[in-house]
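Computation of the quantities below employed the complete heavy-atom set of this structure, encompassing side-chain atoms and omitting hydrogens, waters and symmetry-equivalent molecules. We name chains A, B, ... by the order of the sequence lines, and we start the count at 1 in each one.
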2 protein chains.
Amino acid sequence: MATIRQLLGAAAPVCVSCRDCALKPICLPAHLPGDEARALEAAVERGRHLPAGATLLRAGEPMSALFVVRSGSAKRYSVTLDGAEQVHGFVLPGEAVGLEGFAGGHFTCEVSTLEPLSYCRVPMSKLEQLMERLPGLRREILRLLGQALEESQRLRGELAQSDARGRVAHFLADLSQRLARRGLSPNEFRLSMSRADIARHLGLTLETVSRALGTFKREGWLRVRARDISVLRPDALAALGGLPA
Amino acid sequence: MATIRQLLGAAAPVCVSCRDCALKPICLPAHLPGDEARALEAAVERGRHLPAGATLLRAGEPMSALFVVRSGSAKRYSVTLDGAEQVHGFVLPGEAVGLEGFAGGHFTCEVSTLEPLSYCRVPMSKLEQLMERLPGLRREILRLLGQALEESQRLRGELAQSDARGRVAHFLADLSQRLARRGLSPNEFRLSMSRADIARHLGLTLETVSRALGTFKREGWLRVRARDISVLRPDALAALGGLPA
DNA sequence: AGCGGAATTTGATCCGTGTCAAGTACTGAC
DNA sequence: GTCAGTACTTGACACGGATCAAATTCCGCT
């Protein structure tokens with residue numbers, strides 16, 4: 001996903017307004033009426049950066065703001081009692097982070113960057129004020145949460161039902177479709193996460209992930225060279241992964 | 001969970017206000033200031049009933065209202081392309097249903113009753129009006145969604161990490177704790193769902209669920225007679241299921 | 001109380017993944 | 001360019017859970 005950084009980050013290094021942002025069609029204000037979008041814009045803190053491997057937020061920390069990734073990618077995870085990492089998912093540009101924080105006012109999982117990352121921040125105090133008078137924003141935040149919930153449940157179902165190949169296919173097809181929505185090539189991309197991260201996300205071991213990729217390669221569905229992926233048969237992957245299209 | 005029906009349903013067959021409701025300490029208005037709770041109460045449609053095996057709501061249906069179960073229990077599930085049932089979870093009294101609907105304005109999973117069920121309804125139109133002027137209610141709905149999201153992710157992690165015994169232990173310990181919060185015995189209860197439902201919820205087969213219960217029984221952690229469960233070692237179950245206490 | 005169908009338990013076998021162990025390829029630093 | 005460290009691939013084997021099959025228990029019904 002160096003591509004992500006290049007196309008969406010470097011191409012528009014300093015955005016002053018959401019109007020000029022490359023993520024406009026995907027990001028939070030996308031569904032807001034003009035006046036509400038302007039009001040929200042005024043509350044957004046832009047242009048924040050982190051290097052690769054940094055921590056964006058930590059479990060237990062008070063939910064001071066809503067975060068939206070602008071460029072780069074990140075890993076959401078939590079650490080279990082016995083020290084193991086549960087990877088909840090991966091965050092792409094235009095996606096909000098830390099929504100579970102609404103439950104108790106503090107974040108409940110760690111988010112750390114997989115590559116250099118830039119993001120926007122909307123302080124919670126301002127967000128609450130805005131929600132008071134902007135019905136569209138209220139609906140949008142609820143929509144965001146609903147979507148996250150739906151997505152989480154869909155994924156849980158996938159985990160419960162599929163075998164290793166199905167899970168890896170789902171992961172790739174899903175990533176591919178999310179990249180496509182961001183105007184990036186759905187069939188040529190570079191994974192920003194390790195096999196171990198993918199494995200911990202899918203409830204598998206890294207060896208099994210590697211083997212699944214191996215079989216896809218042998219069957220001519222993929223070309224794999226380390227973290228560079230070329231999807232040759234997106235249809236086959238989507239079908240096996242239980243995704244439409 | 002006939003117990004649930006008896007204690008919370010039959011004991012208070014017709015509630016006219018949330019103030020008198022047995023679920024008061026758990027339900028939606030619990031965290032609202034007095035005036036907001038009163039305003040919400042006025043919008044609630046109470047006293048609706050369904051027999052066992054009925055459908056409360058269906059995927060694809062417009063999200064006309066927020067539902068809260070009053071007594072009885074239900075199963076949330078969706079049907080995959082190949083006709084299999086994915087069980088997302090089970091709903092107990094005081095729990096809201098259909099929150100994923102906020103994503104796109106219509107429900108995305110089926111909910112059907114496991115035993116006779118009564119519920120309250122808050123029409124979406126009224127809910128939106130109320131959210132306009134009640135900041136506490138706004139926060140409460142966000143809290144509800146955040147909680148559902150957090151819960152869903154925790155469960156996904158559990159699925160990804162645990163083996164069959166761990167998952168069944170988690171299921172039992174979680175159910176036990178939720179019953180306790182409702183003032184019911186956490187150690188003596190009757191399951192309202194079949195082994196097959198539990199299995200589809202946990203990503204296992206019904207035989208494996210049965211065997212896991214068998215081993216718990218043999219180890220003296222449980223007494224099992226069909227759907228009646230006595231928990232003898234709640235601590236052991238919770239520990240194996242990755243839950244505190 | 002007794003009957004019939006469904007739910008559950010129990011048993012035997014097989015396959016998919018986890019585990020352990022090398023070996024190979026990649027990446028970044030000098 | 002080379003080197004060291006890390007990430008990834010590949011192989012052999014063991015084990016947990018799926019699958020198929022049968023026996024048993026439970027529950028609603030007459």
Between [X] ([atom1]) and [N] ([atom2]), how many Å, whole number?
X	N	atom1	atom2	value
A/Arg200	D/dA7	CZ	P	10 Å
A/Lys217	D/dC8	NZ	P	13 Å
A/Leu213	D/dT10	CG	P	10 Å
B/Arg195	D/dT25	CZ	C1'	11 Å
B/Phe216	C/dT9	CZ	C1'	16 Å
A/Leu191	D/dT9	CG	C1'	15 Å
A/Leu114	D/dA7	CG	C1'	15 Å
B/Ile198	C/dA7	CD1	P	13 Å

>> Donor-acceptor check, side chain of A/Thr55 to backbone of A/Leu57, threshold 3.5 angstrom: yes or no?
In response: no

> Using the ring of each side chain (for Trp, its six-membered ring), is A/His201 parallel, tilted or perpendicular to A/Phe90, with breaks at 30° and 60°?
Replying inline: perpendicular

Looking just at side-chain N and O atoms, do [X] and [Y] make a donor-acceptor pair shorter than 3.5 Å?
X	Y	result
A/Ser73	A/Glu115	yes
A/Ser230	A/Glu188	yes
A/Thr80	A/Asp82	yes

>> Each nucleotide in nucleotides 14-30 of chain C should get exactly one letter: B, S or -. Can you fill that in based on protein heavy atoms under 4.0 Å?
In response: ---SSBB-----SS---

>> Measuring from the side chain of A/Leu206 (C-beta onward, heavy atoms only), which nucleotide among D/dT9, C/dT8, D/dC8 has the closest atom?
In response: D/dT9

> Salt-bridged, B/Arg58 to B/Glu61, with N to O below 4.0 Å?
Replying inline: no

